[in-house]
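Only one structure is covered here, and it is reproduced in the block below.
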Amino acid sequence: MSKIAFILAGGASRGAYQAGCLKRLDDEGIVPDLIIGSSIGVCNSLVYTTGGADALWAFWYRARSLPQILDVSLRRNAIFGNSFFSMDRLVRYVEKEVDFDRCFHSDRELTYILANLSAGSEELRGNRTEETVDRFRTVTRIGYSIPILHPLIELDGDMYADGGFLWNVPFEYAEQWGATDIYILSVVPSELPRTDSLRFVPQVAMRMYDVFWRTVGNSSRLEKKLESGKYHGINVTVLEPSPETGMFDPLAMLNAHPGKSKKLLWEGYRDTERVLHGQPAEGARRPR
């Protein structure tokens, strides 16, 4: 009996690419029994589990993120708190798309990576670890609370934040869970285009930034050596942007808007088609 796991890695505004992948997988009839999410992957998993791939596509089709993420507050700021901005507007924006009762009681396991900054370690929590819908809701908010930008969130006396910076692709959990098929939906290329322009400090700094995101964005997945698409007998499918799409600069990382998201949605859809069938479908139509 097959057990399908989706790993929805983080990557902020590039989550639209992941939504395009999910739409193509859904069209193929490939649906998960387990979703492991970090950062934007948490948000995507909630909307996807609530309303399906079409609802997630529609969410990104109209998304505008900067006004939600950079929410200036008189109470939650670097002077009076542990963040520059409030998370309240972002939470409202995401949660209006989510049926938490449905997600909490879903037959699908939803597990998220959290950073317990009090203990200095990562944790995996979700709809199988929490006793109530309210605690599950708190866990999901932690999952996309960007440290420094957003306030830390308290749970059981410890302070938490987005765990994607520690462990963005928790392949090991899917393996231990007993997955027969793992789909890694990364939004960060695992390879970088070669550069020969490293003469000046800004060029070196930008290249180090790209290498950082390439490494953190794919974390433990980079350590796995696949043989004919398998790892320890598990079928592994990797869906990721091509190196030519580039990485993202700090502001662009946070800035989702319809023009950008539509392009990423279609790229994710097209790339998934190519991985599943070897080449893009002739005359493939854009999902709407």
Side-chain angles (χ1 to χ4, degrees), residues 8-23 35 37-51 53-73 76-78 83-98 100 103 112-115 137 139-153 161-165 168 185-189 209-210 212-213 216-217 240-241 245-269 287-288:
L8 306 187
S13 64
R14 286 201 170 199
Y17 179 89
Q18 198 171 79
C21 297
L22 286 167
K23 172 61 177 167
I35 294 180
S38 67
S39 198
I40 197 61
V42 175
C43 302
N44 279 348
S45 76
L46 292 169
V47 179
Y48 174 78
T49 300
T50 295
D54 288 333
L56 183 60
W57 184 283
F59 171 76
W60 280 103
Y61 211 76
R62 62 178 182 275
R64 294 185 182 275
S65 63
L66 276 184
Q68 325 307 326
I69 294 173
L70 307 183
D71 182 11
V72 178
S73 168
R76 297 186 180 278
N77 54 58
S83 67
F84 285 104
F85 302 101
S86 169
M87 192 180 171
D88 294 345
R89 191 181 296 167
L90 178 61
V91 166
R92 290 193 298 269
Y93 189 74
V94 172
E95 292 190 354
K96 66 184 173 63
E97 309 287 338
V98 179
F100 279 98
C103 291
Y112 306 127
I113 305 99
L114 314 183
R137 186 195 299 260
V139 163
T140 66
R141 290 177 179 177
I142 291 169
Y144 61 94
S145 175
I146 305 170
I148 305 300
L149 283 186
H150 297 141
L152 302 181
I153 297 175
D162 178 345
F165 295 94
N168 202 40
L185 281 67
S186 178
V187 300
V188 180
Y209 177 84
D210 285 349
F212 170 82
W213 280 111
V216 172
E240 65 176 13
T245 63
M247 304 300 282
F248 37 62
D249 63 56
L251 184 60
M253 168 183 170
L254 302 175
N255 186 21
H257 54 82
K260 175 181 178 179
S261 294
K262 290 173 187 177
K263 182 174 182 289
L264 288 169
L265 283 164
W266 180 238
E267 284 180 357
Y269 189 92
R288 297 184 180 275

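For reference, positions follow the sequence shown, starting with 1.
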Mind telling me whether Trp57 and Tyr269 have parallel, tilted or perpendicular rings, with 30° and 60° as the class edges? perpendicular
Mind listing the closest non-hydrogen atom pair of Val91 and Tyr144 along with its distance? CA-OH, 3.7 Å
Is Glu267 reaching over with its side chain to a backbone N or O of Tyr17, donor-acceptor style, under 3.5 angstrom? no
Distance, nearest 0.5 Å, that separates OH of Tyr93 from CZ of Arg64: 8.5 Å
Return yes when atom CZ of Phe84 has more than 12 non-hydrogen atoms of other residues, nucleotides or ligands closer than 6.0 Å, and no otherwise. no
Could you point out which residue of Leu149, Ile69, Val72, Asp71 forms a side chain to side chain contact (heavy atoms under 4.5 Å, CB included) with Ser86? Asp71
State, with a plain yes or no, whether a side-chain heavy atom of Ser73 is found less than 4.5 Å away from one of Asp88. no
Min side-chain heavy-atom separation Thr140-Tyr112 under 4.5 Å: yes
Where is the tightest heavy-atom contact between Leu185 and Gln18, given as atom of each residue plus distance? O-NE2, 2.8 Å
For Pro151 and Ser145 the tightest heavy-atom approach is O-OG, 3.0 Å
Given the rule in the side-chain contact (heavy atoms from CB on, under 4.5 Å) test, do Tyr48 and Ile35 qualify, once you have shown the distances and angles that lead to the verdict? CA-CA 10 Å; Tyr48 174 78; Ile35 294 180; 3.8 Å; yes
Give the minimum heavy-atom separation between Ala115 and Asp162, together with the two atoms involved. CB-O, 3.6 Å
Closest approach of Arg141 to Glu95 (non-hydrogen atoms, all atoms of both residues): NE-OE2, 2.7 Å
Show the nearest heavy-atom pair for residues Ala256 and Ser65, with the distance to one decimal. N-OG, 2.6 Å
Side chains of Val188 and Glu240, heavy atoms from C-beta outward: is any pair under 4.5 Å? no
If I take atom CG from residue Asn168 and atom CG from residue Leu8, how far apart are they, to the nearest 0.5 angstrom? 10.5 Å
Under 3.5 Å side-chain donor-acceptor pair for Asn255 and Ser13: no
Donor-acceptor under 3.5 Å (Ser186 side chain, Ala9 main chain): no
So with a 6.0 Å cut-off around CG of Leu66, is the heavy-atom count from everything else above 12? yes
Verdict with reasoning, Phe85 to Asn77, per side-chain contact (heavy atoms from CB on, under 4.5 Å): CA-CA 5 Å; Phe85 302 101; Asn77 54 58; over 6 Å; no
Between CD of Glu97 and CZ of Phe59, what distance do you get to the nearest 0.5 Å? 5.5 Å
Side chains of Trp60 and Leu264, heavy atoms from C-beta outward: is any pair under 4.5 Å? no
